[in-house]
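Input: a single structure, listed below in structure tokens.
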2 protein chains.
Amino acid sequence: MVRSRVQGKHAGLTREQVLRAAVRLADRDGVEALSMRKLARELDVEAMTLYHHVRNKQGLEDAIVEYVLAESLRPPPESADWQEVVAAHAADLHRGLTEHPGAVLLFATRTAVTPRTLAILEQSLRVLRDAGFAPRTALHLIYAIAGAVVGQHLAYAGEQAQPAVDAPAIGDDHPVLAAALADGPVTMQSRLDFTLTSLIAGFETLL
Amino acid sequence: MVRSRVQGKHAGLTREQVLRAAVRLADRDGVEALSMRKLARELDVEAMTLYHHVRNKQGLEDAIVEYVLAESLRPPPESADWQEVVAAHAADLHRGLTEHPGAVLLFATRTAVTPRTLAILEQSLRVLRDAGFAPRTALHLIYAIAGAVVGQHLAYAGEQAQPAVDAPAIGDDHPVLAAALADGPVTMQSRLDFTLTSLIAGFETLL
DNA sequence: ACCTGAACACCGTTCAAGT
DNA sequence: ACCTGAACACCGTTCAAGT
């Protein structure tokens, strides 16, 4: 790593570049490997320079969540029924977290409240209310969906580090568990599909 | 912090004591404040001593999850229908995470697979299978419940640091969202209840 | 205005050494 | 066997100083 610029010379570094590099680093090496110093090295800059574009590491992490969420979330499809809107919301989140595994752990503990996400949320809520859900129920519904998607991605992230239960490890003491795993391990996709299908079926009983 | 023991003198430190102190420290100051050095100070011992009871920090965190899960999980109630078994499982997890907020983030990314948790899982799965669910569906069902409980606790933990959306911050641009929050902020308890009720209602449609 | 470099107060972990 | 202390390679962040 060679310093390629003298002090005071502008690096021309923008916040956008910092965030893009941070997301890339987190996706490549994992969030736990994301440090101000390593990110600075990646950008060929001193660590302290980053504090010009970001309040601190917390602020960087908040910004990553906003960045990924902004990239993932789309306005709900026009003239769709509420089931499609809910499924689309889940699919948006799922795609975003799949493309950016480094953001999964950060999504778990923050909500990015920006004008754009608020606007999209309001549009989804309107569809749900027009379908007959009370506003508060509609909000609960969105929370339930988001929690389910993030929850399954987290569980999956954990299983990468520490492999999940599989059939051979079970043995004869646990016949039902063994039967459940006989057709291969349970994947995140199957768990997520099951959870979302169950949730939507449950929501339908509320109408 | 005074050293109260000469080198080589047994501290009489047990793994149980280490884990109890770790859980207490994480609950009191937050997981992010849990460090080997601070934990050692708490136990009036050198940091390196802890490595005699725990492989490394990862191992300590795994052990915390096992410890809290063992304390929380109970065998499913005898002669209960499947809805009660599922609700009891959710309630066990909810109680454990409420009593041990320091473990929430750790629960998100690991599964504690021990003989005891496997046995309890098998019992729950048997009730579900006897109720008519296929073994694989039963397992999906348990995963969905666990994911929902952990997911809502995580979201709640995040809101402690970074307050959630509330009515005054919304304004006239988002009437449905404002209406949803008019009766006060959405709490973790209400979100969790809603999610679990919806999930169970959804499961019923599968039978 | 933008960037640097030293410094401070922390980390997890290895390793040789004490009793 | 159990515990220590120094050491190494890291952290995030403050602060004064450079251009």
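Letters A, B, ... are given to chains in the order of the sequence lines, protein chains preceding strands, and every chain is numbered from 1. These numbers come from the heavy atoms of this one structure, side chains and all, not from hydrogens, waters or symmetry mates.
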Next on the checklist: Partner lookup for C:dG12, please. Criteria are Watson-Crick or G-U wobble with both distances under 3.5 angstrom; report none if nothing qualifies.
Outcome noted: D:dC8

Checklist entry - Which base, if any, makes a Watson-Crick or G-U wobble pair with C:dT19, both distances under 3.5 Å? => result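 Partner of C:dT19: D:dA1.
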
Counting side-chain heavy atoms from C-beta on, which of [options] comes nearest to [X]?
{"X": "B:M48", "options": "D:dC3, D:dG5, D:dT13", "value": "D:dG5"}
{"X": "B:R41", "options": "C:dT13, C:dC2, C:dC11", "value": "C:dC11"}
{"X": "A:E46", "options": "C:dC11, C:dG5, D:dC3", "value": "C:dG5"}

Checklist entry - Relative to each other, are the rings of B:F203 and B:W82 parallel, tilted or perpendicular (30° and 60° limits)? => result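 The arrangement is tilted - the two ring planes meet at 30° to 60°.
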
Specify the separation, in whole Å, of atom [atom1] of [X] and atom [atom2] of [N].
{"X": "A:Q17", "N": "C:dC2", "atom1": "CD", "atom2": "C1'", "result": "14 Å"}
{"X": "A:D29", "N": "D:dC10", "atom1": "CG", "atom2": "C1'", "result": "15 Å"}
{"X": "A:Q58", "N": "D:dT13", "atom1": "CD", "atom2": "C1'", "result": "14 Å"}
{"X": "B:L34", "N": "C:dG12", "atom1": "CG", "atom2": "C1'", "result": "12 Å"}
{"X": "A:R37", "N": "C:dC10", "atom1": "CZ", "atom2": "C1'", "result": "11 Å"}
{"X": "B:H52", "N": "C:dG12", "atom1": "NE2", "atom2": "P", "result": "19 Å"}
{"X": "B:K57", "N": "D:dA9", "atom1": "NZ", "atom2": "P", "result": "21 Å"}
{"X": "A:N56", "N": "D:dT14", "atom1": "CG", "atom2": "P", "result": "8 Å"}

Counting just side-chain N and O atoms, does [X] come under 4.0 Å of either OP1 or OP2 of [N]?
{"X": "B:Y51", "N": "C:dT13", "value": "yes"}
{"X": "A:S35", "N": "D:dC10", "value": "no"}
{"X": "B:T49", "N": "D:dT4", "value": "yes"}

Checklist entry - Taking 4.0 angstrom as the limit, do A:R95 and A:D92 come out as a salt bridge? => result yes

Checklist entry - Atom CG of B:L34 and atom CG of B:D27: how far apart are they, to the nearest 0.5 Å? => result 10.0 Å

Item to check | Nearest-0.5 Å distance, CG of residue A:D29 to CD of residue A:E42 | outcome: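 Atom-to-atom, A:D29:CG and A:E42:CD are 7.5 Å apart.
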
Checklist entry - How is A:M36 classified with respect to the nucleic acid when contacts are heavy atoms under 4.0 Å: base, sugar-phosphate, or nothing? => result sugar-phosphate

Item to check | Nearest atoms (heavy-atom pairs only) where A:M36 meets A:L50 | outcome: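 Here A:M36 and A:L50 meet closest at O-CD1, 3.2 Å.
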
